[in-house]
Amino acid sequence: MNNSLPEFLVVNGIEYQIATIEEIDNDPLINGTIYYDKQLIHIKSSLATQRKKQVLVHEFMHALFYEAGIEETEEVVDILSRVLYSATKKSNETRPMLNL
């Protein structure tokens, strides 16, 4: 299993830089955020590796909707990101659908 996050993600031809930082927007409760205008995703550095990946998938879903021009709600992003993240996990000795 890869324990590091990628340096960037490309969504619809737009490259989003990924950075881990201590605190996001001066709020200790925020684990991740996306800045569309800066093409930047911030992930809280103190999170465990698996949680960082889960948060990254969540922010990636925001980018997918944004770059596709589709309105979304936090609830929809949260549900779809959980399903997508679960596709990266092994189950009953099978290979994951995605390898993060």
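Please read all numbers here as calculations on a predicted model, not as lab measurements.
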Polar contact flag, side-chain donor to acceptor under 3.5 angstrom, Tyr35-Gln17: no

Common cluster, [X]/[Y], ILVMFWY with side-chain heavy-atom separation under 4.5 Å:
X: Ile70; Y: Val57; result: yes
X: Val10; Y: Phe65; result: no
X: Ile18; Y: Ile30; result: no

With rounding to the nearest 0.5 angstrom, report the [atom1] to [atom2] distance, [X] to [Y].
X: Ile21; Y: Leu40; atom1: CD1; atom2: CG; answer: 8.0 Å
X: Glu72; Y: His62; atom1: CD; atom2: NE2; answer: 5.5 Å
X: Lys44; Y: Asn31; atom1: NZ; atom2: CG; answer: 5.5 Å
X: Asn12; Y: Leu64; atom1: CG; atom2: CG; answer: 9.0 Å
X: Thr20; Y: Leu5; atom1: OG1; atom2: CG; answer: 7.0 Å
X: Ile41; Y: Phe60; atom1: CD1; atom2: CZ; answer: 8.5 Å

In this structure, are over 12 heavy atoms from other groups packed under 6.0 Å from Glu22 atom CD? no

Within a 6.0 Å radius of atom CZ on Phe8, are there more than 12 heavy atoms belonging to other residues, nucleotides or ligands? no

pair Glu23-Pro28: side-chain heavy atoms closer than 4.5 Å: yes

Do Glu67 and Tyr16 have side chains that get closer than 4.5 Å, going by heavy atoms? yes

What heavy-atom pair brings Ile43 and Ile24 nearest, and what distance separates the two atoms? C-CD1, 4.1 Å

For Ala63 and Ile34 the tightest heavy-atom approach is CB-CD1, 3.6 Å

Would you say Tyr85's side chain and Gln50's backbone share a donor-acceptor pair under 3.5 angstrom? yes

Is a side-chain N or O of Lys52 found less than 3.5 angstrom from the main chain of Ser4, in a donor-acceptor match? no

Which donor-acceptor pairs under 3.5 Å do the side chains of residues 75-84 make with protein atoms, sequence neighbours left out?
| residue | atom | partner | partner atom | Å |
| --- | --- | --- | --- | --- |
| Asp78 | OD2 | Arg82 | NE | 3.4 |
| Asp78 | OD2 | Arg82 | NH2 | 2.4 |
| Ser81 | OG | His58 | ND1 | 3.4 |
| Ser81 | OG | Val77 | O | 2.9 |
| Ser81 | OG | Asp78 | O | 3.0 |

